[in-house]
Amino acid sequence: MAGDRFARIGLKGGKMAREPKHDVLFDAVRIGPKQTRNRFWQTSHCAGPGAERPGAQAHLRGMKAEGGWGVVFTEFCSIHPESDEYPYTSARIWDQGDVRNLGYMCEIAHRHKSLAGIQLWYSGGNAPGLESREVGRSPSQWLSPLFATRSVYGYEMDDLDIQTVINMYVEAGKRAEAAGFDLLEVSAGDDTLPIQFLEPRFNRRTDAYGGGFANRSRFFVELLQALKRHLGDRCGITTRFEMDTLHGPEGVEAHEDGVRLLELLRREGVVDAVALKIGDYAEWGEDAGVSRFRKSGWMTPFIKQGKSALGPNIPVVGNGRLTNPDDMVALIRGGVLDIIGAARPSIADPFMPSKISEGRLEDIRECIGCNICVSKFQQGGQIMCTQNVTIGEEYRRGWHPEKFTKTKSPCSVLIVGAGPSGMECARVLGERGYTVHLREAERELGGHWKSIATLPRLAEWSRVISYREIQLRKLKKNVEVHTGVGPMSADEVLRYGADRVVVATGYHWSSDGRGANYGPIQGADASLPHVLTPTQVMQGKEVPGKRALILDGDGHFMGIALAELLANRGKEITYVCDASDVAEYGVFTMESGNNKRLLFEKGVRTYCNHWVERIEPGGVRLTYLYKFGPDLTGPRAGAVPRRDNGGEFDLAVDAVILVTSRYSEDRLWRELKARKAAWAPNEIQAIFRTGDCKAPVQLNQAMWDAHRLAREFDSPHPAYPLPWIRERQLWGGETIPRLGDSRANVEAE
Ligand SMILES: Cc1cc2nc3c(=O)[nH]c(=O)nc-3n(C[C@H](O)[C@H](O)[C@H](O)COP(=O)(O)O)c2cc1C
Ligand code: SF4
């Protein structure tokens with residue numbers, strides 16, 4: 001076989017031991033009647049499964065328990081149909097059906113000796129109720145600021161409503177206990193009810209629950225007292241408290257009500273642990289901070305203040321994209337927190353605690369802070385992660401982030417292109433026992449991603465490459481990496497001697513201004529000195545003159561990163577996009593607010609809903625995309641059947657950067673496909689394409705494609721995904737509840 005011609009050198013690294021300085025991370029911590037097995041606590045985070053996909057929910061959290069997280073939480077879990085966030089997927093603990101479904105998650109967590117936590121969530125007047133159609137209760141009545149529809153209202157609670165909602169929490173807590181949850185966490189952040197009572201901007205009451213701090217905090221304390229009374233001897237009662245909503249005095253300020261509230265909870269003895277966060281729901285990217293704007297540990301000053309208010313006896317959980325065990329130890333030793341909270345680090349690497357415990361620090365797959373995970377929730381989808389493409393696939397595809405099935409039919413594989421997708425494909429094929437040659441035209445690994453990581457604020461994104469580079473080095477027994485070999489021709493590929501070939505040659509930017517909905521732009525030609533693609537800018541092509549225009553049809557990070565890069569070089573920047581928002585995908589990654597702040601601070605002039613019609617040396621003609629009138633004037637041929645109201649104007653600029661759209665770099669693939677008759681004579685069984693070479697999608701998706709291909713490389717048709725488990729109700733099965741069932745009575749009389 002051709003594979004025999006591939007060299008086999010080196011051995012994978014041996015077992016290592018934990019560094020004693022990290023021992024403290026593995027201390028047990030008491031949380032009321034329960035005890036954690038270490039200090040690793042996966043804070044609540046959405047992932048898409050809710051209570052509707054019990055297999056995905058259980059195996060996603062279970063994988064983290066297996067990977068060493070001592071505590072694993074659900075995502076936010078609605079306690080009652082009045083708090084219905086649909087189409088955003090929360091867990092729900094509304095009835096016995098949810099008890100059964102979420103019970104499976106607890107079972108798996110317990111199998112790995114971890115505690116299972118549930119975040120009890122009631123959002124009252126912020127809940128859109130799009131499935132349940134019920135209306136929530138709130139301290140006061142207001143138009144919810146959270147939903148763009150501007151149509152969500154709740155109703156103001158009277159004393160009986162207050163008691164009723166407390167009953168809802170208690171009943172939900174009892175169901176959670178029945179499901180097997182060890183920790184009941186009251187959400188007092190993200191604009192949920194306890195913090196609505198606390199925040200003056202939401203609480204305009206004049207009775208015993210409104211006005212001064214003592215009144216505004218009353219509901220929260222009474223709620224925790226009730227949970228303690230009914231469940232505190234069997235479950236840990238905790239809260240997730242947003243100790244600064246970043247709204248100034250109209251919200252919660254850390255120095256003021258933040259500290260006051262925590263001192264009150266300590267005095268009242270109503271919590272067994274507190275997990276702290278900052279920000280609010282409208283801009284929860286301040287809590288789940290992207291690496292572009294927040295470096296690891298950015299919440300530390302707030303958490304430190306919270307810990308000092310709570311004192312030594314109430315364990316504090318703190319987050320901040322913590323991936324470095326030395327930093328974690330410093331936070332514990334420095335008295336900032338007691339427990340390492342993590343959402344994204346646990347998504348990017350469910351086995352981070354085990355790797356720290358085994359001293360395998362270089363194997364940690366560190367979160368890059370890109371918030372693709374956040375964006376998929378915000379889009380109503382299932383979780384995806386740039387670093388860990390197996391997240392969410394644990395149950396439905398049976399993928400394990402650290403384990404790979406050895407192939408029964410080993411062969412040699414040539415991978416052309418060592419961008420992130422080629423590297424991921426090589427890594428997984430290597431783990432599976434294939435003999436792999438990964439060949440890269442450039443001198444370094446990483447393809448387009450290595451230039452991207454040099455753009456302003458994106459340095460952490462290079463972790464995508466460095467993690468895979470280290471893993472490939474460890475696989476050198478059967479994976480060879482060849483860099484600086486130049487582009488391969490089809491003849492070279494055919495003659496190379498591999499049994500199978502994977503083409504992973506990436507993408508290129510449009511050089512003529514083609515974007516979503518728009519054809520080439522007149523005068524757009526990246527071979528001219530004043531017109532540039534992003535790749536040309538990153539490769540050092542001179543951006544002439546003082547005034548540069550960024551034309552962003554891509555809408556993710558590239559346009560805004562280049563705007564900042566060139567502004568930092570002293571250019572006057574005009575940013576133009578066809579969307580209604582700058583860097584529109586930031587709405588999903590929760591970067592939108594800070595993107596706007598950034599552009600404003602840098603003095604960038606922005607035109608949303610515009611496009612460039614014509615480029616000439618020294619200027620462009622811009623068009624307002626809604627220049628046509630609302631009434632139809634057609635039908636007519638050769639023109640839009642609406643009145644043209646003008647809306648075009650000229651702008652003097654010296655350079656135009658076309659961030660418009662991308663195309664697969666698939667010339668090699670197409671040529672190889674066209675020469676299929678030459679495969680067999682050259683002993684080639686099959687040739688595949690993957691990643692951006694197939695479609696220039698987001699990196700997480702491109703790498704997922706490469707990973708999947710490698711996982712299913714020995715399936716009958718590896719180019720196409722095998723079926724996966726689709727969790728949905730099959731017709732004829734039981735429903736819980738059934739029509740006619742009564743609902744648990746929580747109404748106070
Ligand atoms: C995808 C995603 C979903 C989240 N959902 C929740 C949630 O349901 N409830 C909550 O309190 N926090 C939620 N968070 C916030 C995290 O628990 C955490 O506070 C935040 O991400 C910062 O911590 P990290 O740097 O460890 O990720 C979510 C975070 C992510 C990334
Ligand atoms: S998607 Fe990005 S931010 Fe989210 S966990 Fe993965 S690497 Fe981190």
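Basis for what follows: all heavy atoms, side chains included, without hydrogens, waters or symmetry-related copies. Residue indices begin at 1 and follow the sequence shown. Order of appearance sets the numbers: ligands from 1, and atoms from 1 within every ligand.
Checked by distance only, ligand 1 and A343 come closer than 3.5 Å through their nitrogen or oxygen atoms. On a distance-only criterion, W284 and ligand 1 share no N/O pair closer than 3.5 Å. An N or O contact shorter than 3.5 Å links C46 to ligand 1 by distance. Taking only nitrogen or oxygen atoms, main chain and side chain alike, F76 reaches within less than 3.5 Å of ligand 1. Where the criterion is an N or O separation shorter than 3.5 Å, residue side chain and backbone included, W298 fails it with respect to ligand 1. Polar contact check, H45 against ligand 1: no nitrogen or oxygen pair lies under 3.5 Å apart. Among the atoms of E75, none of the N or O lies under 3.5 angstrom from an N or O of ligand 1. Residue W121 has no nitrogen or oxygen atom sitting less than 3.5 Å from a nitrogen or oxygen atom of ligand 1, judged on distance alone.
Within the 4.0 Å heavy-atom shell around ligand 1 one finds A342.
Within ligand 1, the atoms closer than 4.0 Å to a non-hydrogen atom of D190 are 10 (C), 11 (O), numbered from 1 in the order shown. Counting atoms of ligand 1 from 1 in the listed order, those under 4.0 Å from a heavy atom of G320 are 25 (O). Residue-ligand proximity, G369 to ligand 2, at heavy-atom distances under 4.0 Å covers atoms 3 (S), 8 (Fe). Close approach to C385 involves these atoms of ligand 2, each under 4.0 Å from a residue heavy atom: 1 (S), 5 (S), 6 (Fe), 7 (S). Interface atoms of ligand 1 facing R321, defined by a heavy-atom separation under 4.0 Å, are 24 (P), 25 (O), 26 (O). Interface atoms of ligand 1 facing D287, defined by a heavy-atom separation under 4.0 Å, are 15 (C), 16 (C), 18 (C), 19 (O), 20 (C), 22 (C). Listed by number with element, the atoms of ligand 1 under 4.0 angstrom from any heavy atom of Q119 are 7 (C), 8 (O), 9 (N), 10 (C), 11 (O). Close contacts of ligand 2 with N371, meaning ligand atoms under 4.0 Å from a residue heavy atom, involve 2 (Fe), 3 (S). Those atoms of ligand 2 with a heavy atom of C367 less than 4.0 angstrom away are 3 (S), 7 (S), 8 (Fe). Counting the atoms of ligand 2 from 1 in the order shown, those under 4.0 Å from a heavy atom of I372 are 1 (S). Close approach of ligand 2 to I347 (heavy-atom distance below 4.0 Å) involves ligand atoms 5 (S).
Within a 6.0 Å sphere centred on CZ of F293, heavy atoms belonging to other residues, nucleotides or ligands number more than 12.
Donor-acceptor pairing under 3.5 Å is lacking for the side chains of H80 and Y169. Side-chain N/O atoms of T192 and D190 include no donor and acceptor closer than 3.5 Å. For the residue pair H400/E66, the side-chain donor-acceptor check at 3.5 Å is satisfied. A donor atom on one side chain and an acceptor atom on the other are found under 3.5 Å apart for R344 and N371.
In summary, K34 and D182 engage in a salt bridge, as defined by a charged side-chain N under 4.0 Å from a carboxylate O. Of the charged side-chain nitrogens involved, none lies within less than 4.0 Å of a carboxylate oxygen, so that K64 and E394 do not count as a salt-bridged pair. Between R201 and D280 there is a salt bridge, with a side-chain nitrogen of the basic residue lying less than 4.0 Å from a carboxylate oxygen of the acidic one.
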Working for side chain to side chain contact (heavy atoms under 4.5 Å, CB included), residues T390 and K403: CA-CA 11 Å; T390 69; K403 292 182 188 161; over 6 Å; no
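At a cut-off of 2.8 Å, C373 coordinates atom 4 (Fe) of ligand 2 through an N, O or S atom. At a cut-off of 2.8 Å, C370 is not counted among the residues with an N, O or S atom near atom 6 (Fe) of ligand 2.
When the options G289, S44, S291 are ranked by their closest heavy atom to atom 7 (C) of ligand 1, first place goes to S44.
Heavy atoms from both the backbone and the side chain of I368 come within less than 4.0 Å of ligand 2.
Across all non-hydrogen atoms, the minimal contact from I339 to I31 is CD1-CD1, 4.0 Å.
Under a 3.5 Å cut-off, the side chain of Q387 and the backbone N or O of E366 do form a donor-acceptor pair.
When each of E185, R240, E75 is checked for a side-chain hydrogen bond (donor to acceptor under 3.5 Å, both in side chains) with S44, only E185 meets the rule. Only one option out of N388, D363, I364 pairs with D349 in a side-chain contact (heavy atoms from CB on, under 4.5 Å); it is I364.
Using cut-offs of 30° and 60° on the angle between ring planes, the pair Y88 and F377 is tilted.
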